[in-house]
J.: 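Take a look at the following structure, please.
We name chains A, B, ... by the order of the sequence lines, and we start the count at 1 in each one. What's counted below: heavy atoms across the whole structure, side chains too, no hydrogens, waters or symmetry copies.
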Number of protein chains: 2
Amino acid sequence: MASSIKTGSAGASRAAARAGAGELPLNQIVAGDCIEAMNAMPAGSVDLIFADPPYNLQLKGELHRPDNSRVDAVDDAWDRFDSFAAYDRFTRAWLKAARRVLKPDGAIWVIGSYHNIYRVGAALQDLGYWILNDVIWRKSNPMPNFRGKRLTNAHETLIWAARDEAGKYTFNYEALKELNDGVQMRSDWVLPICSGGERLRDENGDKAHPTQKPEALLHRVIVGTTNPGDVILDPFFGTGTTGAAAKRLGRNWIGIEREEAYRKVAQARIDAVVPYDLDAVRVTRARRKEPRIPFGQLVERRLLEPGDLLYSINGRHVAKVRADGTLVARDARGSIHQVGAALEGAPSCNGWTYWHFKKDGRPAPIDVLRQQLRAELGDGA
Amino acid sequence: MASSIKTGSAGASRAAARAGAGELPLNQIVAGDCIEAMNAMPAGSVDLIFADPPYNLQLKGELHRPDNSRVDAVDDAWDRFDSFAAYDRFTRAWLKAARRVLKPDGAIWVIGSYHNIYRVGAALQDLGYWILNDVIWRKSNPMPNFRGKRLTNAHETLIWAARDEAGKYTFNYEALKELNDGVQMRSDWVLPICSGGERLRDENGDKAHPTQKPEALLHRVIVGTTNPGDVILDPFFGTGTTGAAAKRLGRNWIGIEREEAYRKVAQARIDAVVPYDLDAVRVTRARRKEPRIPFGQLVERRLLEPGDLLYSINGRHVAKVRADGTLVARDARGSIHQVGAALEGAPSCNGWTYWHFKKDGRPAPIDVLRQQLRAELGDGA
DNA sequence: GTAGAGGCTGAATCGTGGA
DNA sequence: CTCCACGATTCAGCCTCTA
């Protein structure tokens, strides 16, 4: 997994040229402007983008028009409208380039504060992204408001959006539930700000980057919305938190960063990261991803036999197993699901958990028989 | 403090005419469209606006809980818009009318969710409002995500903005600090949703309004950003939570509401409110609990790393930590508690005391890591 | 009277894959 | 592309009923 820093103002296109058509600068930091760099990458090639764009609306010298020409005359004479308009142009330009490099089922995370997140959110929606959640990073140790003129600004906002409304985005529901002690992960995440030993410092002991994000935040994002081996792109790489967390978790990463000083710090940081071992990176798998076992197989394999009786979970109904894997009850016949739904007058029913068989005289859901069969057929979860 | 409902489709202008030039329909519910009604009011006459506009949810089909019960969703006509552009036109129109009736030092609160809040925030900025904070209402009891396709949507966002960048908005720093046990009020507020006895119901026992807000939320807004005697306007009055809280706290209120059914409920509700003594101090405080620290947080925060080994208290078993905070042992996988119980053949197991990690070569229970994290995160985790 | 079980509900952009 | 069967999926709080 060799890494190298691309340098020079045309670094992005050189990197793309070197990589060859259809190749990505995987696990590398690309130097240069993120819009140019993304436009030099093949379309539809990235699984996830994590972006921490500049917040400041007075982006002296950092704004670019959609055609990449630099916005000049950015000075204090700008009124608010011009400033917002310029920020919007910048935002829409990089979000458009980002959308191009995303796979159809890809997704994006953008983090921001009230200064910029409303511009970003509106732009995402206007460009066709589909917001899945907004997430609040609730800082456990925020900086107080010293002047007592406002509330302590104790959170930042992340927007999670699919490339398209129809996109089949990655969401590791079970893994996040596990991370949260067995209850669904909520949209508010309590995490401390990046400080102490995690905070990167330069030779003077000053912080290397003003807005370094905690790696725990990226851990949750990456575990929850990517799979091992996925490609994660960060267009505002900074000191490389995204790359460090991605490498640790066995994902591929691409960083884009304009400032050489940040690139150096990031590269050294990522070089020092030792990835977790592969089976530790694996994550609890959703049930719907497990191989499908038709109920009929239970009968074929004689875990249940034609004529056996099944009892509903509430004890109110009985059904008889038939040789073709259907059930017959007093008023219904059909699949385990159909009969369950019919007897309960429900729109649907999961027959695997609804129907119970007698095991040593005690009722057990037929799902345990399915599990048994899955284990036999060899299923490494 | 007499109250009366204005009726009729031209109610707004009639009310304004009756009030006479320069007068406001104080402590009254105005019938009609909020833009017309606000335009009929004198400019620069309102101290605070609290607005709970339609969220433009764009729901598709029906949603059922896992127990097959149907979720009673917000499908009212007033929440349907044809496009983001239509929603933006509506939003900018009412925000513009709202800005006109605000005093120069006035301020506005708008509440929303990710469906609409980015449109609202961008419009506020474009129209010249100056955002002071965004505030996160963290719901202590949100509705879960029943299909496991996204994060539990556990919060809503409020934007607090001054009419002008230069506005000398009202902010009762000390009062909010008192409300918050003597420490600065933060930008995230933990409050339960409106339910139980507070939830208004019609004669059938159905909820009178699909999105009634908790009065505690308005209490905090009003105590923090108005003074007694101020005029508070709510252009989407609904069942009058703003009016009820304002009356209780000795503020003047104006409600605008199109639907007669809501106006009736609101009027009866507010008539029944008995204002507090002027010098009474009431503290609304969310219940405080010992913060729960999921084992997964130890992994995210790298107090333990994926791949690390844990040893059972009796030394008989080993397990490996995974990235989602589960353990894998030879014959079991799952949470720290599940794996401990499985290996011991016990019905349950406290993983926090059962599992030990190696600290300076000596075993220590993982519970010490939890204690460490709890101290760092403080309360509210 | 009281403890516990069970039911109900809340601003929700809440399928998928094979035929 | 559509159609349709399969079958996955919930947390906190309040209210009611029963023992």
Side-chain angles (χ1 to χ4, degrees), chain A residues 125 129-134 160-162 165-166 168-169 171 173-174 177 180-187 286-290 292-296 314 325-326 334-338 340-341 346-355 366-367 370, chain B residues 52-76 78-81 84 87 111-117 137 139-157 192-199 201 205-207 209-214 236 238 286-287 289:
Chain A
Q125 291 177 316
Y129 290 95
W130 190 248
I131 298 184
L132 299 166
N133 277 117
D134 53 2
W160 174 38
E165 180 175 353
K168 296 186 206 297
Y169 56 91
F171 181 54
Y173 172 77
E174 297 289 346
K177 190 172 173 178
N180 197 35
D181 243 13
V183 294
Q184 285 191 338
M185 185 67 81
R186 301 168 36 119
S187 58
R287 245 186 293 253
R288 58 166 65 88
K289 295 284 183 204
E290 292 181 354
R292 177 176 294 197
I293 307 272
F295 177 73
N314 51 28
T326 58
S335 75
I336 52 172
H337 315 295
Q338 288 167 339
S348 70
C349 171
N350 184 344
W352 292 106
T353 51
Y354 179 78
W355 292 111
I366 57 176
D367 200 35
R370 180 169 65 160
Chain B
D52 182 9
Y55 286 11
N56 189 24
L57 285 187
Q58 310 169 61
L59 303 175
K60 303 251 159 49
E62 289 205 329
L63 180 64
H64 292 85
R65 298 185 179 78
D67 65 3
N68 274 322
S69 63
R70 188 181 148 276
V71 173
D72 181 17
V74 179
D75 55 356
D76 305 68
W78 49 254
D79 197 47
R80 284 198 283 270
F81 294 83
F84 281 128
Y87 188 79
I111 184 168
S113 68
Y114 67 83
H115 313 85
N116 72 323
I117 200 67
W137 168 25
K139 302 180 184 182
S140 54
N141 50 348
M143 179 156 57
N145 185 295
F146 295 115
R147 304 300 293 267
K149 303 306 289 182
R150 302 183 176 192
L151 302 164
T152 305
N153 197 1
H155 72 275
E156 293 188 27
T157 301
I193 60 176
C194 180
S195 67
E198 188 187 345
R199 190 87 195 203
R201 304 200 173 268
D206 298 327
K207 49 193 177 191
H209 191 283
T211 71
Q212 187 184 341
K213 295 294 175 288
F236 306 97
R287 200 175 311 170
K289 272 189 200 166

J.: In whole angstrom, what separates Ile117(B)'s CD1 from dT13(C)'s P?
T.: 15 Å
J.: Between Trp137(B) and Arg147(B), name the one whose nearest nucleotide on DNA chain C is closer to the 5' end.
T.: Trp137(B)
J.: Expressed as a whole number of Å, how far does the C1' atom of dT16(D) sit from that of dG1(C)?
T.: 16 Å
J.: Would you kindly give the CD1-to-P distance between Ile293(A) and dA8(D), to the nearest whole Å?
T.: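 Spelled out: CD1 on Ile293(A) to P on dA8(D) is 11 Å.
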J.: Any side-chain N or O of Asn145(B) less than 4.0 Å from the OP1 or OP2 oxygen of dC14(C)?
T.: no
J.: Considering only atom P, compute the distance from dA8(D) to dG17(C) and round it to an integer number of Å.
T.: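 It comes out at 13 Å once rounded to the nearest Å.
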J.: It should be established whether Arg199(B) places a side-chain nitrogen or oxygen under 4.0 Å from OP1 or OP2 of nucleotide dA11(C).
T.: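 Answer yes for this pair, as a side-chain N or O of Arg199(B) is under 4.0 Å from OP1 or OP2.
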J.: As a test of reading the structure: which of dG10(C), dT13(C), dT9(D) is closest to the side chain of Lys207(B), going by heavy atoms?
T.: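 In terms of side-chain proximity for Lys207(B), the closest of dG10(C), dT13(C), dT9(D) is dG10(C).
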J.: Find the partner of dA19(C): check Watson-Crick (N1-N3 plus N6-O4 or O6-N4) and G-U wobble (N1-O2, O6-N3) distances, both under 3.5 Å, and reply none if neither fits.
T.: dT2(D)
J.: Can the ring centres of Tyr169(A) and Trp160(A) be said to be less than 6.0 Å apart?
T.: yes
J.: So for Ser195(B) and dA12(D), does any side-chain atom that can act as donor or acceptor lie under 3.5 Å from a complementary atom in the base?
T.: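 Absent.
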J.: State whether His337(A) places a side-chain N or O below 4.0 Å from either non-bridging phosphate oxygen (OP1 or OP2) of dG7(D).
T.: yes
J.: OP1 or OP2 of dA11(C) sitting under 4.0 Å from any side-chain N/O of Arg80(B)?
T.: no
J.: Within 90° of 0 counts as syn, otherwise anti: where does dT13(C) fall?
T.: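 The base of dT13(C) is oriented syn (glycosidic angle within 90° of 0).
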J.: Looking at Lys149(B), I'd like to know whether one of its side-chain N or O atoms comes within less than 4.0 Å of OP1 or OP2 on dT16(C).
T.: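 True: Lys149(B) side-chain N/O within range (under 4.0 Å) of dT16(C) OP1/OP2.
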J.: Does OP1 or OP2 of dA12(C) have a side-chain N or O of Ser113(B) closer than 4.0 Å?
T.: no
J.: Does a side-chain N or O from Tyr173(A) land closer than 4.0 Å to OP1 or OP2 of dT10(D), or not?
T.: yes
J.: Is any N or O donor-acceptor pair between the side chain of Arg370(A) and the base of dG7(D) shorter than 3.5 Å?
T.: no
J.: Counting only heavy atoms not in Arg199(B), do more than 12 fall under 6.0 Å of its CZ?
T.: yes
J.: Roughly how far apart, to the nearest Å, are dT10(D) and dG6(C) at atom C1'?
T.: 16 Å
J.: Expressed as a whole number of angstroms, how long is the span from Asn314(A):CG to dG6(C):P?
T.: 13 Å
